[in-house]
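FYI, the numbering just counts along the sequence from 1.
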Amino acid sequence: MDFLVALRKSVGQEEAMKRMMIRIAVSATIASLLLFASLSRGIRSEIVRKAHASMGCSVASVRGSYGFYRTGTTPFGPLASVGIATFDGNGSSTVRQTTRRNGVTTSDLFTTPAGPGTYEVDSDCAGRGFLPDGSVFVHFVIVDHGKELIILSLSDANTIHGMMKKIDRDD
């Protein structure tokens, strides 16, 4: 009788071991398929994008030199501007630009001194630029991991928007 009990116990353990091995094999297969599916979609898979999105942004997300343009209308007529903004990654910035308002140059990238400023960035990648007096003059959104900024002027009566692009990816 002890022999039959031991045999049943052994068979039960074998069945439990087989079920466990099947579960492990099925889990490994599913994990492999998910990994293959994400890799087959290219380097920028949805999993990678979600991981980067969850990391958020900070002032350090905007660091280095950016070439930019701004365009739109002001109370004095149309505005067009190109320039270079430099961000230190700690919340301070400088800007040099050539600006034309209603066909008249009001600042020159090569002769007008750089203007200082500060900036803040929220974790959702929205940011604000401040004038030296502390007033907010621009809102921006950080895109493509800090390689670009979409900008909108907040100056009264202006409708100015633009784009900033990182000049040097290693910057």
Side-chain angles (χ1 to χ4, degrees), residues 31 33-171:
L33 288 173
L34 288 173
L35 180 61
F36 176 78
S38 69
L39 292 176
S40 68
R41 293 176 63 197
I43 294 172
R44 292 184 174 266
S45 71
E46 187 66 25
I47 293 169
V48 172
R49 279 194 294 275
K50 285 182 181 178
H52 284 291
S54 68
M55 292 177 3
C57 290
S58 70
V59 291
S61 301
V62 184
R63 180 182 164 93
S65 298
Y66 292 75
F68 69 87
Y69 76 88
R70 301 182 309 134
T71 188
T73 58
T74 72
F76 308 105
L79 176 135
S81 181
V82 297
I84 299 170
T86 304
F87 300 89
D88 69 358
N90 294 311
S92 293
S93 63
T94 58
V95 175
R96 296 177 23 229
Q97 63 185 326
T98 296
T99 301
R100 302 221 359 125
R101 284 190 180 96
N102 203 25
V104 177
T105 300
T106 59
S107 67
D108 188 305
L109 177 65
F110 300 100
T111 60
T112 305
T118 57
Y119 64 101
E120 294 177 347
V121 174
D122 294 340
S123 63
D124 66 355
C125 300
R128 293 164 290 295
F130 299 92
L131 294 171
D133 68 4
S135 61
V136 178
F137 75 97
V138 66
H139 281 175
F140 59 88
V141 176
I142 301 168
V143 295
D144 200 14
H145 307 285
K147 293 178 189 167
E148 295 184 23
L149 306 175
I150 302 167
I151 59 175
L152 179 67
S153 172
L154 298 181
S155 298
D156 288 343
N158 285 356
T159 304
I160 308 294
H161 66 280
M163 178 70 71
M164 300 179 122
K165 291 191 177 211
K166 196 146 196 179
I167 292 174
D168 184 357
R169 66 179 162 194
D170 296 330
D171 196 8

At their closest point, which heavy atom of [X] faces which heavy atom of [Y], and how far apart are they?
X    : Y    : result
V138 : I151 : CG2-CB, 4.0 Å
L109 : G83  : CD1-CA, 4.1 Å
G91  : V59  : N-CB, 4.1 Å
M164 : Y66  : CB-CB, 4.1 Å
A114 : T94  : CB-CB, 4.1 Å
S65  : T86  : OG-OG1, 3.4 Å

Taking side chain as C-beta onward, heavy atoms only, is [X] less than 4.5 Å from [Y]?
X    : Y    : result
S153 : T159 : no
L79  : R70  : yes
H161 : I150 : no
M163 : Y69  : yes
V62  : L149 : yes

Between the side chains of T99 and T106, does any donor sit under 3.5 Å from an acceptor?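 On atom types as modelled, these side chains do not qualify, holding no pair under 3.5 Å.
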Check this for me: does any side-chain nitrogen of one of D122 and R128 sit under 4.0 Å from a carboxylate oxygen of the other?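 Judged by the 4.0 Å cut-off on N to carboxylate O distance, D122 and R128 do form a salt bridge.
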To the nearest 0.5 angstrom, please state how far the [atom1] atom of [X] sits from the [atom2] atom of [Y].
X    : Y    : atom1 : atom2 : result
K147 : S61  : NZ    : OG    : 13.0 Å
N102 : T74  : CG    : OG1   : 7.0 Å
K165 : D144 : NZ    : CG    : 9.0 Å
C57  : D124 : SG    : CG    : 8.0 Å
R63  : D88  : CZ    : CG    : 7.5 Å
T98  : I84  : OG1   : CD1   : 9.5 Å

Could you point out which residue of R100, Q97, R101 forms a side chain to side chain donor-acceptor pair (under 3.5 Å) with S81?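 When R100, Q97, R101 are each tested with S81, the side chain to side chain donor-acceptor pair (under 3.5 Å) holds only for Q97.
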Which class fits the ring pair F87 and Y119: parallel under 30°, tilted 30 to 60°, perpendicular over 60°?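 If you compare the ring of F87 with that of Y119, the planes turn out perpendicular.
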Under 6.0 Å between ring centres, would you say that holds for F137 and F130?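 No; F130 has its ring centre 6.0 Å or more from that of F137.
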Ignoring hydrogens and angles, tell me if any N or O in the side chain of N158 forms a donor-acceptor pair with the backbone of I160 under 3.5 Å.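 Not confirmed, N158 side chain does not pair with I160 backbone.
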